[in-house]
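Hydrogens, waters and symmetry mates are skipped; everything else that's a heavy atom, side chains included, is used. Every value quoted in this text rests on a predicted model; they were computed, and no experiment measured them.
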Amino acid sequence: MGLSMFKRCKLLLLIGGAVLTLSACSTSGASDKIQLEFFQNKPEAKESFDKLVQKFNSEQSKIEVTQVNPPDAETVLKTRLVKNDIPDIIALGATDTFSVLSQSHIFMEQTDQEMIDLINPSYLKMVTDTSGMDQLTGIPYATNANGIMYNKTLFKKMGLDVPKTWDELLETAKKIKDAGEIPFYLTYKDDWQSSLSFNALALNLEGIDFYIDRREDKTTFQERYREIAEKQLAILDYGHSDNFGKTYADGNRAFANGEAYMYIQGTWAIPEIRKANPDIEIGFFAFPTSNNPEEINLVNGIDTLLTVSNDTEYKEESEAFIKFLLREDNIKQYITEQNLFAAVEGIEQNDPSVAGLIPYIEQGRVTDFADHYIPSAVQLNSIVQEFLQNGDIDAYLAKLDKDWDKVANRR
């Protein structure tokens with residue numbers, strides 16, 4: 001059965017009525033095997049998933065999985081859902097898009113699956129927190145982290161310790177600046193890069209409960225986000241001469257070449273930096289957002305979760321592929337190639353660059369990305385970028401509230 005007319009209309013409204021003209025992806029073929037479409041949204045993961053798909057297809061003779069990974073995958077997916085052309089298995093991040101689709105009953109409930117016993121409970125909670133539903137509609141697979149990368153060689157040369165508090169972070173940055181060097185390489189020409197410090201500060205200082213209260217109209221950004229805004233601005237004093245003229249790609253090359261001591265960034269940048277300089281000694285520490293180290297959590301959100309379409313004819317076969325991906329050897333292969341962390345308990349990431357982050361994960365001292373809880377229609381990245389350029393805290397927080405309320409009224 002396809003989506004009901006009510007659900008289709010609701011979905012059309014929720015995703016903004018995307019109107020792309022696309023041909024439906026076909027997984028049919030001459031083979032007698034059951035054909036499954038695996039749709040995933042990360043272009044950088046295509047090669048890794050290709051290997052796993054090939055391995056799955058060769059290990060058994062009844063199912064053939066085909067990976068689909070188009071450019072601008074989330075837009076393509078939304079358009080296909082409106083057309084009632086739903087892939088069997090979908091992998092995407094635990095973002096507002098996932099929340100909207102979950103609430104539209106696109107995904108099969110996974111609450112009672114034995115597979116979830118393998119997953120770190122912190123990540124299961126992130127899924128339900130993001131979707132706003134009691135039911136589990138996606139199985140966490142891999143996670144990434146957002147923190148502060150540092151050049152170990154440069155830190156040793158200047159005799160610097162890894163800062164553990166907000167004050168220590170600014171003191172360290174000042175020492176570097178006073179020495180005529182660049183503390184942070186900021187890449188705010190790309191608006192999404194301007195939100196990295198927001199993600200670390202927001203959920204550490206105000207927590208996920210803020211977003212639960214904001215959904216229920218019990219609080220506002222203007223009431224609770226001033227300290228976050230002030231600290232976002234404070235970082236600007238320790239950038240370089242062209243904070244808004246450099247891109248993510250520029251930053252990766254510059255950091256790789258030793259042009260800055262620190263880089264507010266995600267673990268996803270490590271492979272790109274090593275391409276530019278394979279010999280760089282990278283370290284990572286959790287963003288010290290306050291002066292109490294015990295209150296600081298690592299921003300460690302779900303990079304990929306696995307879902308099954310409610311409309312697929314092949315639920316058991318789809319679940320078999322997900323179980324295969326969750327198998328220890330396969331998820332270890334994936335996180336090693338992608339420099340990610342496993343959502344499955346007991347599977348470790350052994351890359352030395354992220355050794356400083358592992359204790360946070362092992363102790364459950366993790367928090368999600370704040371932007372996973374903000375509707376995509378709010379345009380957070382451009383709002384943050386504009387704020388950092390003009391420095392107007394009152395206008396910034398008012399804009400967040402105004403745009404949030406506009407979106408809420410349409411839902």
Side-chain angles (χ1 to χ4, degrees), residues 44 48 142-166 168-187 190 193 196-197 199-200 235 238-240 242-243 246-289 293 296-300 303 332-342 347-363 365-366:
E44 62 271 29
S48 292
T143 72
N144 56 30
N146 172 15
I148 299 179
M149 196 182 298
Y150 69 103
N151 186 312
K152 288 185 175 181
T153 302
L154 295 180
F155 261 58
K156 289 175 185 175
K157 185 177 179 180
M158 196 176 285
L160 300 172
D161 295 323
V162 170
K164 294 181 172 58
T165 68
W166 172 256
E168 288 178 6
L169 179 66
L170 294 189
E171 287 168 6
T172 300
K174 188 175 186 305
K175 286 180 183 178
I176 297 167
K177 184 177 180 178
D178 289 347
E181 304 291 341
I182 298 173
F184 296 103
Y185 204 93
L186 303 178
T187 53
D190 288 333
Q193 287 281 289
L196 294 177
S197 60
N199 277 322
I235 294 294
Y238 301 101
H240 48 86
D242 195 14
N243 295 329
K246 300 298 183 182
T247 66
Y248 170 62
D250 294 330
N252 290 341
R253 286 191 295 269
F255 186 78
N257 293 328
E259 294 181 32
Y261 281 59
M262 294 181 285
Y263 192 26
I264 300 171
Q265 197 51 264
T267 51
W268 54 78
I270 294 172
E272 296 303 312
I273 291 168
R274 284 179 173 157
K275 285 179 186 177
N277 180 4
D279 298 323
I280 186 172
E281 279 195 274
I282 298 172
F284 240 112
F285 58 92
F287 199 124
T289 52
I296 295 168
N297 293 315
L298 173 68
V299 177
N300 173 223
D303 186 72
K332 181 67 175 177
Q333 174 183 321
Y334 181 77
I335 66 166
T336 299
E337 292 179 358
Q338 294 294 311
N339 283 94
L340 296 169
F341 304 95
I347 309 296
E348 297 180 353
Q349 172 56 266
N350 297 318
D351 191 306
S353 66
V354 297
L357 305 182
I358 300 300
Y360 289 89
I361 296 173
E362 291 178 342
Q363 296 165 24
R365 293 176 55 192
V366 298

### Query
Taking only residues two or more places apart in sequence or in another chain, which ones pass salt bridge (charged side-chain N to carboxylate O under 4.0 Å, His left out) with Asp279?
none
### Polar side-chain atom of Asn300 near backbone of Asn144 as donor-acceptor pair, under 3.5 Å
yes
### Query
Quick check: does any side chain N or O of Gln265 sit under 3.5 Å from a backbone N or O of Tyr248, one acting as donor and the other as acceptor?
no
Does any non-hydrogen side-chain atom of [Y] lie less than 4.5 Å from one of [X]?
X	Y	value
Glu348	Ile358	no
Ile176	Tyr238	no
Arg274	Asn339	yes
Leu160	Glu171	no

### Task
Measure up the Tyr150 and Phe285 rings against each other and bin them: parallel (under 30°), tilted (30 to 60°), perpendicular (over 60°).
tilted
### Query
Is the gap between the ring centers of Phe255 and Tyr185 under 6.0 Å?
no
#### Entry: More than 12 heavy atoms of other groups within 6.0 Å of Lys332 NZ
yes
### Query
When Phe341 is tested against each of Val354, Ile335, Val366 for side-chain contact (heavy atoms from CB on, under 4.5 Å), which residue passes?
Val354
#### Entry: Residue pairs involving residues 260-270 (criterion salt bridge (charged side-chain N to carboxylate O under 4.0 Å, His left out); sequence neighbours excluded)
none
### Task
Answer yes when Glu272 and Lys275 have at least one side-chain N-carboxylate O distance shorter than 4.0 Å, and no when they do not.
yes
